[in-house]
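When a ligand or atom number is given, it counts from 1 through the structure's own listing order.
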Amino acid sequence: LGLIPTLRKYVQDFEEKTKIRSLFETRGKEHRLSSAMEAAIYRLIQEALTNAAKHAYPTYVLVEITYQAQLVKIVVQDNGLGFKPELFQQKSKDHGHFGLIGMRERVELLEGRMEIESAENQGTKIVIHIPTNVE
Ligand code: ATP
Ligand code: MG
């Protein structure tokens, strides 16, 4: 199964399990990526959704994948509690939370970038860009 059907199923299961209304959308022309890249994207989304369910108490999450010519863009958004991302993104900080650090490392290995926008009571939006022309 390709990335998109796998993710669609994952988001459906997430909704059933958590009772959080969950939307999955794709934009652009789907194309297969390397299996390493697809696996990495799956794990990124898994951790972002797990965090939303565990920490944010949202009523709604959105996962959006956009295929562009040489880029895939991933958005994971929730409307929950929000947090201060700068507190949890430095490896040097020994705070015992590794999910976001692991996500950032995974994105960097793929030469992509990850931005986290979050504000108290306004939810969290994670935006990841991964270049797909580098193999
Ligand atoms: P784990 O190592 O199991 O992932 P964790 O989930 O606590 O533990 P991170 O995924 O790195 O660690 O997240 C760090 C912290 O950032 C969380 O403890 C939580 O306080 C906050 N956080 C992360 N994602 C969200 C979110 N979507 N909404 C609100 N807070 C979040
Ligand atoms: Mg986590």
Original post:
Do any nitrogen or oxygen atoms of G96 come within less than 3.5 Å of a nitrogen or oxygen of ligand 1?
Top reply: no
Subject >> atom 28 (N) of ligand 1 - nearest protein heavy atom and its distance >> reply: A56 CB, 3.3 Å
**OP:** Examine distances only and state if a side-chain atom of E15 and a backbone atom of S22 form a donor-acceptor pair shorter than 3.5 Å.
**Re:** yes
Original post:
Quick one: do M103 and V75 end up in the same hydrophobic cluster if we chain Ile, Leu, Val, Met, Phe, Trp and Tyr together by side-chain heavy atoms under 4.5 Å apart?
Top reply: no
Original post:
Is the shortest N/O to N/O distance between I101 and ligand 1 below 3.5 Å?
Top reply: no
**OP:** Begin from the C-alpha positions of N51 and L100 and carry the test side chain to side chain contact (heavy atoms under 4.5 Å, CB included) through to its verdict.
**Re:** CA-CA 9 Å; N51 277 346; L100 292 174; 3.9 Å; yes
Subject >> Under 3.5 Å: donor-acceptor pair, side chain of E25, backbone of E64 >> reply: no
Subject >> Which residue and heavy atom of the protein sit nearest atom 11 (O) of ligand 1, plus the separation >> reply: L100 N, 2.9 Å
**OP:** Considering only non-hydrogen protein atoms, determine which one is nearest to atom 24 (N) of ligand 1 and report residue, atom name and distance to 0.1 Å.
**Re:** N51 CB, 3.4 Å
Subject >> Proximal atoms of ligand 1 relative to E47 (non-hydrogen, under 4.0 Å) >> reply: 4 (O), 10 (O)
Original post:
Closest non-hydrogen protein atom to atom 6 (O) of ligand 1, residue and atom name please, with distance?
Top reply: H55 NE2, 2.7 Å
Subject >> Under 4.0 Å to a heavy atom of D78 - the qualifying atoms of ligand 1, by number >> reply: 26 (C), 27 (N)
Subject >> the Mg ion (ligand 2) - name of the N/O/S atom of E47 that sits closest to it >> reply: OE2
Original post:
Are more than 12 heavy atoms from other residues, nucleotides or ligands located less than 6.0 Å from atom OH of Y42?
Top reply: yes
Original post:
Are more than 12 heavy atoms from other residues, nucleotides or ligands located less than 6.0 Å from atom CD of E115?
Top reply: yes
**OP:** List the closest protein heavy-atom neighbour of atom 31 (C) of ligand 1: residue, atom name, distance to the nearest 0.1 Å.
**Re:** F83 CD2, 3.3 Å
Original post:
Any N/O/S atom of T50 sitting less than 2.8 Å from the Mg ion (ligand 2), backbone or side chain?
Top reply: no
Original post:
Closest heavy-atom contact between Y67 and K29?
Top reply: CB-O, 3.1 Å
**OP:** Would you please classify the geometry between the F83 ring and the F88 ring as parallel, tilted or perpendicular, with 30° and 60° separating the classes?
**Re:** tilted
**OP:** Evaluate the side-chain proximity of T132 to H31: yes if any heavy-atom separation is below 4.5 Å, no if none is.
**Re:** yes
Original post:
Atoms of ligand 1 less than 4.0 Å from T124 heavy atoms?
Top reply: 26 (C), 27 (N), 28 (N)
Subject >> Closest protein heavy atom to atom 2 (O) of ligand 1, given as residue, atom name and distance to 0.1 Å >> reply: F98 N, 2.9 Å
**OP:** Supply the atom-to-atom distance R106 CZ to I41 CD1, rounded to the nearest 0.5 angstrom.
**Re:** 11.0 Å
Original post:
Can you tell me the protein heavy atom closest to atom 7 (O) of ligand 1 and the distance?
Top reply: H97 ND1, 2.5 Å
Subject >> Nearest protein heavy atom with distance in Å, relative to atom 3 (O) of ligand 1 >> reply: K54 NZ, 3.3 Å
